[in-house]
Amino acid sequence: MIPNIISLSRIFLLIPIIYLILSGNENLALLIFILGCFTDFMDGFFARKYKQESILGENLDLLADKLFICTLLIFLPFHFDNFSFLFLSILLIARELAIGSIRQYFLSINLVKKSKVNFLGKLKTFFQMISVGSAIIFMSTSYEYISLILLSITLFLAWLSLFIYVRNK
């Protein structure tokens, strides 16, 4: 129960993050974003600690991750009027939709073990969080290229993890 509430909180943290970015308070938005990223670790930690792991919890965690990151990947390039970031975001979101469909297929044919996230997928998530966090603070500065580089690395890891995931299944 607690892990699922933590996962859901990640979705609701989007509201203050977006509000704060719109009001020009990127530093506070970044702090709340970091809190949201931390909940990604905490829900799994508490699920294992209190033996509350479930398929519902796993899927809720994945949904919260996708909504949290993809919403910001859509919002940020429009807010900061950055076509390069938008283009990279579209490619990244396309990968997220593809992996979600593949996981759903594995679950529908009772191949739950094959729907598990691989290490490269976890590394991609880490870089995704770093690149979105950097975009919150750098996209309105002359350091926006840092966000673009990080998002490009994330994109490479994302598509590589998808190809490895599909190949190994």
Side-chain angles (χ1 to χ4, degrees), residues 1-22 25-77 79 89-137 147 150-151 153-155 157-159 161-162 164-166 169:
M1 179 87 171
I2 291 173
N4 293 349
I5 292 170
I6 294 171
S7 292
L8 286 173
S9 74
R10 191 160 49 255
I11 298 168
F12 290 107
L13 286 174
L14 284 166
I15 297 166
I17 292 169
I18 290 172
Y19 174 78
L20 289 166
I21 292 170
L22 287 172
N25 198 341
E26 287 91 359
N27 292 333
L28 188 52
L30 178 63
L31 286 175
I32 295 173
F33 174 77
I34 291 169
L35 174 65
C37 293
F38 188 64
T39 66
D40 187 30
F41 165 76
M42 293 307 296
D43 57 8
F45 172 79
F46 282 120
R48 287 184 293 280
K49 181 175 179 165
Y50 295 115
K51 298 185 182 355
Q52 295 181 348
E53 294 174 284
S54 67
I55 293 174
L56 171 65
E58 258 182 59
N59 285 304
L60 189 57
D61 176 48
L62 285 172
L63 176 65
D65 289 348
K66 304 296 182 229
L67 285 174
F68 187 67
I69 294 297
C70 290
T71 299
L72 292 170
L73 285 172
I74 293 166
F75 170 75
L76 290 170
H79 176 70
S89 293
I90 289 169
L91 293 175
L92 194 52
I93 292 168
R95 182 268 186 198
E96 297 298 334
L97 292 171
I99 198 83
S101 296
I102 293 166
R103 276 197 190 109
Q104 183 58 39
Y105 169 73
F106 286 141
L107 290 171
S108 72
I109 59 172
N110 294 322
L111 294 175
V112 175
K113 280 191 172 187
K114 291 190 179 195
S115 70
K116 301 284 184 196
V117 176
N118 61 28
F119 171 75
L120 204 49
K122 290 182 182 206
L123 184 62
K124 179 269 315 172
T125 299
F126 173 76
F127 269 92
Q128 222 171 18
M129 290 176 176
I130 297 288
S131 61
V132 170
S134 73
I136 291 172
I137 56 170
S147 301
L150 288 169
L151 194 59
I153 293 168
T154 302
L155 187 61
L157 291 172
W159 282 95
S161 74
L162 175 66
I164 290 171
Y165 184 81
V166 170
K169 306 305 179 188

remark   = The reported gap from CG in Leu8 to CG in Leu13 (rounded to nearest 0.5 angstrom) is 11.0 Å
inquiry  = Going by ring-ring contact (aromatic ring centres under 6.0 Å, His included), name the pairs with one or both residues in residues 55-74, residues two or more places apart or in two chains.
reply    = Phe33-Phe68
request  = Could you check if a side-chain atom of Ile18 sits within less than 4.5 angstrom of a side-chain atom of Thr71, using non-hydrogen atoms only?
outcome  = yes
ask   = Taking the side chain as C-beta and beyond, is there a heavy-atom pair between Asp61 and Arg10 under 4.5 Å?
value = yes
query = Are side-chain heavy atoms of Arg103 and Tyr165 found at a separation under 4.5 Å?
reply = yes
task = For residues Asp43 and Ile5, determine if any side-chain heavy atom of one lies less than 4.5 Å from a side-chain heavy atom of the other.
result = no
Cut-off 3.5 Å, no hydrogens considered: what does the side-chain donor-acceptor table look like for residues 119-127, sequence neighbours left out?
unit_1	atom_1	unit_2	atom_2	d
Lys124	NZ	Glu96	OE2	2.8
Lys124	NZ	Gln128	OE1	3.2
Thr125	OG1	Gly121	O	3.0

key: CD on Glu58 to CG on Leu63, rounded to 0.5 Å   = 13.5 Å
remark   = For Gly57 and Ser54, the nearest pair of non-hydrogen atoms, with its separation, is N-OG, 2.9 Å
query = Is any side-chain heavy atom of Leu76 closer than 4.5 Å to a side-chain heavy atom of Ile21?
reply = yes
inquiry  = How close do Ser7 and Ala64 get, counting heavy atoms only, and between which atoms?
reply    = O-CB, 3.2 Å
key: Separation of Leu155 CG from Ile93 CD1 (nearest 0.5 Å)   = 11.0 Å
inquiry  = Does any part of the side chain of Ile102, heavy atoms only, come nearer than 4.5 Å to the side chain of Leu162, both counted from C-beta?
reply    = yes
query = Is there a donor-acceptor contact under 3.5 Å from the side chain of Gln52 to the main chain of Met1?
reply = yes
ask   = Quick one: are Leu14 and Phe75 in side-chain contact, heavy atoms under 4.5 Å?
value = no
query = Atom SG of Cys37 and atom CD1 of Ile32: how far apart are they, to the nearest 0.5 Å?
reply = 12.0 Å
remark   = In this structure, CD of Glu26 is separated from CG of Leu30 (nearest 0.5 Å) by 10.0 Å
message = Within this structure, what is the CG-CG distance for the pair Asn25 and Leu31, rounded to the nearest 0.5 Å?
response = 9.0 Å
request  = Specify whether Phe41 and Phe45 have parallel, tilted or perpendicular ring planes, treating 30° as the upper limit for parallel and 60° as the lower limit for perpendicular.
outcome  = parallel
query = Hey, are the side chains of Ser89 and Leu151 touching, using non-hydrogen atoms and a 4.5 Å cut-off?
reply = yes
